[in-house]
Structure formats: C-alpha cells, structure tokens
There are 2 protein chains.
Amino acid sequence: MINIAELKVFVTAAEEMNFSRAAQRLHLSQSAVSQNIQSIERTYRVELFVRHGRSVQLSEAGKSILPMARDVLNSARLLEDALSNVNGEVAGDLSIGCATTSGRYFIPNLLASFQRDYPHVRTRVSLMRRQDVLDGLLDQTLNIGIIGRFVEHRDLQIQPLLEDRVILIVPAHHPWANLKQVKPADVLEQPFISREVNSGTYEVLFDNLRRHGIDPDNLNVVMQLGDAEAVEMAVEKGIGITFISEMMAARSLALGRVKKVAVEGFNVTQPVYMVRHVSRMFTHAEAKLWEFVKLHHEELTAELLFNLADVTLAR
Amino acid sequence: MINIAELKVFVTAAEEMNFSRAAQRLHLSQSAVSQNIQSIERTYRVELFVRHGRSVQLSEAGKSILPMARDVLNSARLLEDALSNVNGEVAGDLSIGCATTSGRYFIPNLLASFQRDYPHVRTRVSLMRRQDVLDGLLDQTLNIGIIGRFVEHRDLQIQPLLEDRVILIVPAHHPWANLKQVKPADVLEQPFISREVNSGTYEVLFDNLRRHGIDPDNLNVVMQLGDAEAVEMAVEKGIGITFISEMMAARSLALGRVKKVAVEGFNVTQPVYMVRHVSRMFTHAEAKLWEFVKLHHEELTAELLFNLADVTLAR
DNA sequence: ATGGAGGATAATAATTACTTATGATCAATA
DNA sequence: TATTGATCATAAGTAATTATTATCCTCCAT
C-alpha cells in the first residue's frame with residue numbers, strides 16, 4: 001500500500017528538482033529522500049526521475065503521476081485538518097515566520113490571546129529574514145508570515161495587521177524629557193543614534209524623515225548600531241536620541257528609562273502585514289488565526305501597550 | 001503525517017462495524033486493527049468509534065471523517081493504478097473469486113492467455129462458495145467474480161462469460177457408447193448418478209430436464225455424490241450415466257473414458273457470468289481482463305475443448 | 001453466575017526507515 | 001587535464017514502528 005510520506009517526498013523533490021534541497025525542506029537527510037523515491041520506483045517498477053549525474057529531472061512517468069500524487073496529498077490534508085478539528089474544536093499546527101522586529105513585541109501577545117480562544121492550536125514562531133518568510137510561504141513550509149513591507153505575488157495574500165507608530169525617544173534625563181513637543185529642525189542638533197543603513201526598515205524611515213523636513217544626511221549621528229534593540233539601549237544610556245517603533249520602545253517607556261517626545265507635524269507609522277499562500281488549502285487553524293487577527297488587531301495593539309505600561313504600576 | 005494503511009483499517013472497520021471481522025478482511029490480527037484505530041485516535045485526539053463493551057459504533061466524528069477517508073483512499077487507488085500502468089504497460093494484482101466448478105476448467109486457460117497479453121498482471125484465483133464471491137465483491141476484497149447463476153444487485157455489474165453445454169455421458173463400455181442419439185425417455189431406464197440435490201446448479205439442471213420431458217423424480221438414481229468430479233469418476237467406473245457440463249467432462253471424453261451421447265431435442269447450457277463491483281474504481285488491470293474476456297471468450301472456450309482433446313493425440 | 005464474543009493491552013519479534021559516512025559521477029574551472 | 005564542488009547512490013548501524021501472540025477485561029445472553 002502506497003505511503004503518504006513517500007508521496008510528499010516525491011512531490012517535494014519534483015518541485016525542487018533537486019533531492020538535497022527537497023531534503024532540507026522536509027527536514028530529512030538527502031539519503032532519506034533518495035531512498036523514499038527509490039522505494040516508490042522499486043515497488044511499482046517505475047522510473048520517476050531521470051538521473052543525469054549531478055542533476056535529476058522528472059521522467060515522463062513522473063510527470064504523469066505528479067498531479068495524482070498531489071491529489072492524494074490534498075485529500076489527505078483535508079482529512080487531517082478535519083481530524084484535527086472535529087466537533088468544532090479547532091486544532092492543528094501553525095508555523096509562523098516573522099520578518100519584522102516589531103513582530104517580536106506583539107506576536108507573543110497576539111498568540112497568547114489566540115491560544116486562549118483556541119487552546120488546541122500549536123503555534124511555532126520563527127524569526128527570520130524577510131526573504132526566508134516569503135520563500136517559506138511559497139514552499140508551504142510556513143502557514144503564516146509576518147512582514148513589515150508590502151509584497152505583491154500571484155500566490156500570496158496579504159492582510160494589514162497593524163500600524164506601528166514611529167516615535168522619537170530621548171534619554172530619561174535629557175533636557176527634552178519633559179517637553180511636549182519639539183520642531184523637526186531641533187532633531188538635527190541632538191546627538192542621534194541610528195541603525196546601520198542597509199536595514200530595509202531604516203530606508204523607509206529615512207524617506208519619511210525627509211518628507212517631514214528632516215534630512216537624514218544632516219542628522220548628528222554619533223553612533224550606528226546593528227539592531228534596533230541596541231539602539232534603544234544606547235538611548236537609555238543617554239548617548240543620544242532616536243526614532244524607533246513605539247511598540248519596541250514600549251517597555252523602556254513604561255520603565256521610565258526613555259521619554260517620548262512629539263515632533264511637530266511628524267506622524268509616521270510602519271505597517272505590519274500578515275501573508276499567506278492563497279492557492280494552498282486554508283486549514284481551520286489558519287483560517288481562525290487570519291480571522292482572529294482581522295477582528296482583534298486594534299484592541300490587541302492597545303492591550304499590548306497598556307500591559308507594558310502596567311509593568312511600572314506593578315512595581 | 002497520516003498513513004494510508006491506517007485509513008484503510010479505519011474504513012474497513014467502519015464498514016464492518018466490528019474490529020475482528022475487519023481484521024479478517026484485511027488479513028490482520030484483531031489486535032492490529034485495534035492498534036491502528038487507536039493510533040489515529042491518539043494522534044488526533046479524536047474518538048472514531050464508541051465502544052459499548054462488546055460492540056463498536058462509529059462516533060459522530062468518525063461519521064464525519066469517513067467520507068474524507070474514502071476520498072483519500074480513492075485518490076490513492078487511482079495513483080497506485082497509474083503507477084502500476086505507466087507507459088501503457090498494464091500491471092497490478094487481480095483477485096478472482098470463482099464460484100462455479102466449471103471455472104476450474106476454463107479459468108486457468110483464460111488466465112494463461114491473459115497473462116500472455118499482460119505479463120505484469122498478477123492474478124490470484126480462489127475457489128469459493130457463490131455467496132463468498134458476492135460478499136468478496138461487495139467487500140472489495142475481490143476484483144472479479146465468476147459465478148454460474150445470474151445475480152442482480154445495485155452495486156454489481158454482470159457480464160456473460162460463456163455457455164457451458166450440458167451433455168449426457170455414459171461409461172466407455174456402455175451399450176450406448178457408440179450411439180448417435182437416444183430419446184429422452186430412454187434416460188429414465190439407465191442407472192443414473194446424481195449430485196446431492198441441494199446443489200444450486202443441480203436444481204437448474206432438473207428444471208431443464210423437466211422441460212425436455214425427463215422427470216428427474218423418475219430417474220433411476222443409483223448413486224448420489226457430493227461433487228461433480230466424483231459423479232464423473234463414477235461414470236468412468238461404469239456405475240451409471242449422468243448429465244454433466246461438457247467442460248468438466250472434456251478431459252474424460254478426450255481420454256476416451258466416457259462417451260457423449262446426444263439426447264433427442266435436449267439442448268441445455270449453463271451460463272457462466274463474470275461479475276464486478278460497479279461503484280468501485282475500475283483499475284487498468286480489471287478493465288483489461290473484462291475487455292479481454294468479452295473479446296475472447298468464444299475462441300477461448302473452443303481452444304480449451306480443443307486443447308483437452310489434444311491430450312489424447314499427444315499420448 | 002457463567003460462558004463466550006469482542007475489544008484492549010503487554011511483551012516480543014520483525015520490519016521499516018531514519019541517520020551518518022562514504023563512494024561515485026558529472027560539470028565547471030583553473 | 002587534473003581538481004574541486006555539487007549532487008545523488010549505497011552501506012552499515014540504529015532507532016522507531018508495526019505486527020503478532022497471548023492474555024486480560026468487559027459486557028451480554030443464557
């Protein structure tokens with residue numbers, strides 16, 4: 001009797017046209033992929049791939065079989081999803097790839113709420129580079145992606161998740177600490193801490209600064225750091241000021257280690273998007289998360305900021 | 001990842017509503033059936049069957065899952081059949097249940113020819129009672145059934161295979177041995193060997209005798225035997241005469257141990273039918289056998305009789 | 001109550017199916 | 001043309017799975 005795991009190996013190998021890559025996607029050794037495919041070939045006396053030394057190609061037989069193998073896999077997926085969700089109880093696994101650093105701050109909160117409603121869904125979040133998220137979605141290795149920049153792709157469906165405000169933070173004992181508001185031009189005079197500029201997010205920010213009358217080239221940059229967290233830390237230490245996502249700064253703000261200062265006319269937000277593969281079956285769990293996010297993202301953002309503020313009160 | 005073998009166990013158990021019977025059908029131990037089903041139940045935290053002491057019933061979850069499980073099985077069957085039949089080469093397994101004794105005589109011949117055309121199809125023939133053939137077809141344990149009486153059933157497709165002539169045979173040294181023809185009434189005077197009457201085939205024969213002016217109750221029955229082969233043997237030994245399928249008698253006739261005598265106006269044939277499950281997928285191998293039989297049954301019958309006749313020539 | 005039918009469970013044996021390590025082959029390149 | 005790197009095949013060892021047999025347990029019919 002044919003075996004679904006083997007079929008999955010075959011289909012993945014056919015998609016990758018490369019056993020080693022297929023092995024990676026399947027979290028298997030290359031040897032296992034070879035063996036699985038040979039196993040099908042042996043039991044049915046078929047040649048699925050034509051081997052040309054260092055490359056493999058689908059044989060005619062392989063090509064004709066592929067759609068049927070996909071059918072089996074699809075109906076199996078349907079069944080598995082149904083099995084995981086009997087009597088309305090949503091269950092299953094969700095693999096989420098998160099590309100944006102702000103994800104680190106709200107995702108745990110989001111998932112905590114989600115888990116409260118759907119306790120049987122197991123979620124796994126991995127932080128990864130944007131491109132890996134997109135690859136993972138197209139690979140179908142990931143169910144949901146979280147990214148910070150818009151993307152358009154035939155196979156990807158994108159949904160705005162939240163808008164993260166960009167704010168100016170200053171050290172707790174900075175002269176501006178108790179100011180209501182400063183003028184854009186004032187920013188140029190203060191020591192500024194920035195991230196290394198190759199960061200995609202930072203390019204977007206710089207564009208926005210320009211649009212609000214702050215030329216990033218004229219910033220008094222006293223320090224450049226690799227990641228946003230380090231930048232935040234540097235501000236806490238009093239080295240300078242910076243623009244940062246409100247969500248990221250929430251904890252430091254709540255602890256009073258940095259202060260938020262409004263910049264006249266400055267109103268920038270960074271979007272966060274949720275992405276999924278469209279042509280792929282929507283499992284119950286996926287659908288529920290998608291729907292959940294659509295319904296609750298605003299209140300979740302508020303709750304997150306509020307909760308972080310609570311940290312100070314609790315002390 | 002779900003497992004097709006387990007699904008098959010589940011579906012069979014659901015059909016039988018009895019794990020032990022399912023085990024039999026699957027050629028597995030009852031324990032294995034229990035374990036397979038528990039394995040699904042455990043991995044998906046579902047209750048597929050409700051156990052009531054000594055009986056099991058499909059749970060609501062089981063009921064809702066069943067059609068999807070069937071879908072998976074069907075698409076898998078489709079794939080397997082395709083895999084077995086790439087590049088037009090028909091292959092696969094055929095399980096044939098044969099209910100009629102005449103099957104014993106022509107089936108080997110039929111399959112030998114079939115194998116010549118389709119060498120990669122493995123056939124397995126089991127002789128069994130008529131009811132077991134029908135059950136096996138409905139069970140989908142058998143691909144093809146061979147039976148001697150017509151059957152009508154929503155799920156069964158029936159195809160006449162051949163007509164087996166019923167002839168009167170007499171011992172080689174019987175006074176009639178060289179007669180061209182006798183009258184129906186003459187038969188009543190000779191010692192007659194019959195099968196036990198509960199045999200279904202025999203009832204049909206008796207009806208036919210009556211229609212040809214031979215009242216079976218008036219036969220001079222000197223011996224009753226359990227099976228047709230024994231009857232034939234008894235005729236060879238000179239104990240009496242009998243009506244028998246020409247196909248069964250072919251070997252004895254060819255060896256000259258019995259003689260065929262025509263009875264005036266007597267022209268009875270026993271049909272042989274081929275049956276299959278309609279609502280079931282037609283595998284390539286099945287389709288080929290079906291088609292093969294339709295095309296060749298006449299010449300096969302002729303060939304069979306001729307080949308048997310050859311036995312004498314070869315000596 | 002008691003025997004039997006039907007399912008669960010435990011222990012064991014057999015088989016599968018991974019993994020790592022290594023070998024073989026081909027293509028690109030120096 | 002030898003070398004290197006990429007890629008798949010194969011071998012050996014081991015882990016994991018899965019079936020089997022042998023009880024055991026429970027419920028129902030007698």
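A note on names: the letters A, B, ... follow the listed sequences, proteins ahead of strands, and every chain is numbered from 1. Small disclaimer: the values here were computed from a predicted structure and weren't measured.
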Exercise. Given atom CD of B:Glu16 and atom P of C:dG6, what is their separation to the nearest angstrom?
Worked result: 12 Å
Exercise. Reckon B:Asn3 has a side-chain N or O less than 4.0 Å from the OP1 or OP2 of D:dT17?
Worked result: no
Exercise. Under 4.0 Å between a Lys/Arg side-chain N and an Asp/Glu carboxylate O for A:Arg77 and A:Glu286?
Worked result: no
Exercise. Donor-acceptor pair under 3.5 Å: do we get one between A:Ser29's side chain and the base of C:dT20?
Worked result: no
Exercise. Are A:Arg51 and A:Glu41 close enough for a salt bridge, meaning some N to O gap below 4.0 Å?
Worked result: yes
Problem set entry | Whole-Å gap separating P (C:dA8) and CZ (B:Arg42) | 12 Å
Problem set entry | Between C:dT9 (C1') and B:Ile37 (CD1): distance, integer Å | 15 Å
Exercise. Contact class for A:Gln38 (heavy atom, under 4.0 Å): base, sugar-phosphate, or nothing?
Worked result: sugar-phosphate
Problem set entry | Spacing of A:Phe10 atom CZ relative to C:dA17 atom P, expressed in whole Å | 18 Å
Exercise. To the nearest angstrom, how far is B:Gln30 atom CD from C:dG4 atom C1'?
Worked result: 14 Å
Exercise. Roughly, in whole Å, what's the span from CE in A:Met1 to C1' in D:dT18?
Worked result: 17 Å
Exercise. OP1 or OP2 of C:dG6 less than 4.0 angstrom from a side-chain nitrogen or oxygen of B:Arg51, does that happen here?
Worked result: no
Problem set entry | Residues B:Glu16 and B:Thr12: side-chain donor-acceptor under 3.5 angstrom | no
Seminar exercise, completed: Assign each of B:Gln35 and A:His27 the nucleotide of DNA chain C bearing its closest heavy atom; nearer the 5' end lies the nucleotide of B:Gln35
Problem set entry | Flag for A:Glu60-A:Ser64: side-chain donor and acceptor within less than 3.5 Å | no
Exercise. For D:dT7, does either OP1 or OP2 sit under 4.0 Å from a side-chain N or O belonging to A:Asn18?
Worked result: yes
Problem set entry | Nucleotide D:dA19, atom C1' - distance to NZ of B:Lys8 in whole Å | 17 Å
Exercise. If only atom types and distance count, is the side chain of A:Gln115 paired as donor or acceptor with the main-chain N or O of A:Val121 below 3.5 Å?
Worked result: yes
Problem set entry | Any A:Ser20 side-chain nitrogen or oxygen under 4.0 Å from OP1 or OP2 of D:dC8 | yes
Exercise. Would you say C:dG7 has OP1 or OP2 under 4.0 Å from some side-chain N or O of B:Ser34?
Worked result: no
Exercise. Would you say a side-chain N or O of A:Ser31 is under 4.0 Å from OP1 or OP2 of C:dT19?
Worked result: no
Exercise. Under 4.0 angstrom, heavy atoms only, what part of the nucleic acid is A:Val56 near: base, sugar-phosphate, or nothing?
Worked result: sugar-phosphate
Exercise. What is the distance from CZ of A:Phe49 to C1' of C:dT25, rounded to the nearest Å?
Worked result: 19 Å
